[in-house]
Amino acid sequence: DAGVTQSPTHLIKTRGQQVTLRCSPKSGHDTVSWYQQALGQGPQFIFQYYEEEERQRGNFPDRFSGHQFPNYSSELNVNALLLGDSALYLCASSWEAYEQYFGPGTRLTVT
Amino acid sequence: KQEVTQIPAALSVPEGENLVLNCSFTDSAIYNLQWFRQDPGKGLTSLLLIQSSQREQTSGRLNASLDKSSGRSTLYIAASQPGDSATYLCAVFQGAQKLVFGQGTRLTINP
């Protein structure tokens with residue numbers, strides 16, 4: 001059984017560009033959450049998707065948007081990239097509100 | 001606003017020692033609490049999940065306790081091994097929808 005997968009593994013972008021990160025949840029899971037982890041910090045909640053709708057959002061600007069597809073996979077989009085967006089982006093899946101399983105993350109570097 | 005604090009920020013012990021990692025949270029109205037392990041540059045691996053109605057959970061050499069009334073959790077690691085070296089993160093499930101993380105304890109086990 002494949003766990004949570006994320007793509008790409010690493011990404012380098014320039015300030016002002018846009019980026020899309022992808023996540024496939026663990027089999028049987030219907031809820032996907034996204035987190036941003038800056039170096040040396042704990043992950044910060046960005047938003048959560050359930051039944052193709054954003055169910056809750058953390059304290060992140062509208063530049064951060066997402067989508068969930070009918071097969072429960074999800075995308076995270078970040079527009080107008082800033083240097084401060086450089087971080088490890090983690091996707092977590094769960095069945096409703098139970099134990100969350102994390103993917104390996106996407107390392108985004110903004111130059 | 002929920003705040004999660006982990007003490008100490010870093011810990012270095014010789015192999016074979018038993019050790020305790022501490023986690024405290026400010027709002028006792030939590031859904032559950034989850035302990036994770038993170039290796040450098042990698043995603044999060046779930047170690048233990050404690051439901052709000054439970055007092056502790058055990059998995060192998062790991063034991064996690066939860067005291068909601070005092071806003072504290074501890075992760076006990078028995079007979080530590082060099083392979084246990086990693087960052088350990090505590091997170092509380094707030095409102096059944098998002099995890100609020102501490103900053104982690106960086107653990108080094110010396111052979």
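Within every chain, numbering begins at 1; the chains are lettered A, B, ... in the order of the sequence lines, protein sequences first and strands thereafter. Not measured: the values here are computed from a predicted model.
Paired with B:F36 under the rule side-chain contact (heavy atoms from CB on, under 4.5 Å), one option of B:T45, B:L47, B:L99 passes, and it is B:L99.
Taking chain B as the reference chain and counting heavy-atom pairs below 4.5 Å, the highest number among A:C91, A:P104, A:G105, A:G58 is found for A:P104. Between chain A and the residues B:L49, B:V4, B:T87, the largest count of heavy-atom pairs under 4.5 Å involves B:L49. Comparing B:Q51, B:K42, B:Q103 by heavy-atom pairs within less than 4.5 Å of chain A, the highest count is held by B:Q103.
Side chains of B:I109 and B:Q81 form no contact here, defined as non-hydrogen atoms less than 4.5 Å apart. Side-chain atoms of B:L107 and B:L19, non-hydrogen and from C-beta on, do get closer than 4.5 Å to each other.
Looking at A:Y35, the atoms closer than 4.5 Å to chain B (heavy atoms on both sides) all sit in the side chain, from C-beta outward. If you measure heavy-atom distances from A:Q37 to chain B, the contacts under 4.5 Å come from the side chain alone.
Between the side chains of A:Q41 and A:Q44, no donor-acceptor pair is found at a separation under 3.5 Å. A donor-acceptor pair shorter than 3.5 Å can be found between the side chains of A:S33 and A:Q48.
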